[in-house]
Amino acid sequence: MAYWLFKTEPSAFSLEDLKSRPNQTEHWDGVRNYQARNFLRDAVALGDLVFIYHSNIAQPAVVGIAEVVRAGYPDHTALNPQGDHFDPKATPQNPIWYMVDVRYRQALATPVTLEQIKQIPQLSDMPLVKRSRLSIQPVTPQQWETILRLGSPVP
DNA sequence: GCCAACGTTGGC
DNA sequence: GCCAACGTTGGC
């Protein structure tokens, strides 16, 4: 089983939005970057766990955990000319873009902010810290453990 | 809202 | 295939 980090702007789609969906499940659509697409298409697998990260806000942070409940399949929103994620080059035969389905698992007791993450030496290799704009990122088991611990303080 | 970093596009 | 122009992301 692998670990991932998915970025989202909470003004568009937040962890709370995921939690309130039917079955607490939603398509992770709209990824329009090839490196991120490759992860979704080829690597993100059923049962993998995902940190949900809120970006573009005052305190960007890892806020919760979701589970992959369907592996990569064509992102049909690329075919909808009325939608925000339309790509005129995508066709049913060559969908170009892919998505997965994720289900809400839990919110972290304490969100782990980017500011915190940047201060932890063993997290310095994360794409997040290297200021990559990559919206789908692999997370190592060690990084997962470290962030989980920070987000689940012992009372 | 600014702007640096990054990714994509398209002319040559 | 290079690279300048342009568009987007996302921290601040």
Side-chain angles (χ1 to χ4, degrees), chain A residues 2-21 26-44 48-66 68 71-102 104-140 142-153:
Chain A
Y3 299 107
W4 303 94
L5 182 147
F6 289 6
K7 285 188 198 172
T8 183
E9 297 190 26
S11 60
F13 186 79
S14 69
L15 182 69
E16 282 305 304
D17 292 331
L18 178 62
K19 188 180 182 179
S20 65
R21 289 295 194 266
E26 188 54 282
H27 324 290
W28 203 268
D29 63 44
V31 172
R32 295 293 179 268
N33 165 283
Y34 286 102
Q35 200 182 349
R37 185 281 309 266
N38 292 346
F39 284 132
L40 291 178
R41 187 189 57 188
D42 307 330
V44 178
D48 285 356
L49 293 180
V50 178
F51 278 141
I52 302 299
Y53 175 86
H54 283 173
S55 68
N56 241 317
I57 50 175
Q59 285 270 37
V62 175
V63 294
I65 297 173
V68 177
Y73 63 106
D75 179 349
H76 53 72
T77 65
L79 301 174
N80 175 13
Q82 267 71 48
D84 289 340
H85 303 302
F86 178 61
D87 181 348
K89 294 199 289 276
T91 65
Q93 291 70 35
N94 179 27
I96 304 179
W97 305 111
Y98 284 74
M99 61 187 180
V100 301
D101 290 355
V102 295
Y104 176 89
R105 270 274 193 108
Q106 64 175 102
L108 294 184
T110 312
V112 180
T113 65
L114 179 61
E115 193 179 7
Q116 279 178 281
I117 290 171
K118 286 162 101 175
Q119 288 168 2
I120 313 269
Q122 57 267 47
L123 298 179
S124 62
D125 283 339
M126 294 186 76
L128 208 55
V129 176
K130 293 176 170 172
R131 290 178 94 228
S132 162
R133 302 183 318 187
L134 194 57
S135 58
I136 305 289
Q137 315 184 353
V139 174
T140 69
Q142 292 78 10
Q143 291 163 348
W144 182 272
E145 262 311 301
T146 302
I147 291 175
L148 200 55
R149 232 178 281 259
L150 287 170
S152 321

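In what follows, every chain begins at residue 1, and chains take the letters A, B, ... in the order their sequences are listed.
Of all the heavy atoms in A:Ile96 and A:Tyr98, the pair that sits closest is O-CD1, 3.6 Å. In plain terms, the two heavy atoms of A:Met99 and A:Trp28 that are nearest each other are CB-O, 3.2 Å. The minimum heavy-atom distance linking A:Pro95 with A:Ala90 is given by the pair O-CB, 3.5 Å.
DNA chain C lies under 4.0 Å from no heavy atom of any residue of residues 119-128 of chain A.
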Exercise. Can you check ring-ring contact (aromatic ring centres under 6.0 Å, His included) on A:Tyr34 and A:Trp97, steps first, answer last?
Worked result: CA-CA 8 Å; A:Tyr34 286 102; A:Trp97 305 111; 4.7 Å; yes
Below 3.5 Å, can you tabulate the donor-acceptor pairs from side chains in residues 48-58 of chain A to any protein atom, sequence neighbours excluded?
from: A:Asp48; atom 1: OD1; to: A:Ala2; atom 2: N; distance (Å): 2.9
from: A:Asp48; atom 1: OD2; to: A:Trp4; atom 2: NE1; distance (Å): 2.8
from: A:Asp48; atom 1: OD2; to: A:Ala45; atom 2: N; distance (Å): 2.9
from: A:His54; atom 1: NE2; to: A:Leu15; atom 2: N; distance (Å): 3.1
from: A:Asn56; atom 1: ND2; to: A:Glu9; atom 2: OE2; distance (Å): 3.1

Distance-only check: which donor-acceptor pairs under 3.5 Å involve side-chain atoms of residues 112-122 of chain A, not counting sequence neighbours?
from: A:Thr113; atom 1: OG1; to: A:Gln116; atom 2: N; distance (Å): 3.1
from: A:Gln116; atom 1: OE1; to: A:Thr113; atom 2: N; distance (Å): 3.1

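In this structure, A:Lys7 reaches the C:dG10 phosphate: one of its side-chain N or O atoms is under 4.0 Å from OP1 or OP2. Phosphate contact (OP1/OP2 of C:dG11, side-chain N/O of A:Tyr53, threshold under 4.0 Å): present.
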Seminar exercise, completed: Nucleotide by nucleotide, nucleotides 1-8 of chain B touches protein heavy atoms under 4.0 Å in the pattern (B base, S sugar-phosphate only, - none) ----BBSS
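Between the CG atom of A:Leu5 and the P atom of C:dG10 there is a distance of 11 Å, rounded to whole Å.
Partners of A:Arg133 under the salt bridge (Lys or Arg N to Asp or Glu O under 4.0 Å) rule, at least two apart in sequence or in another chain, do not exist in this structure.
No contact: A:Ile57 has no heavy atom under 4.0 Å from any strand.
For residues 71-80 of chain A, the salt bridge (Lys or Arg N to Asp or Glu O under 4.0 Å) pairs, not counting sequence neighbours, are A:Arg32-A:Asp75.
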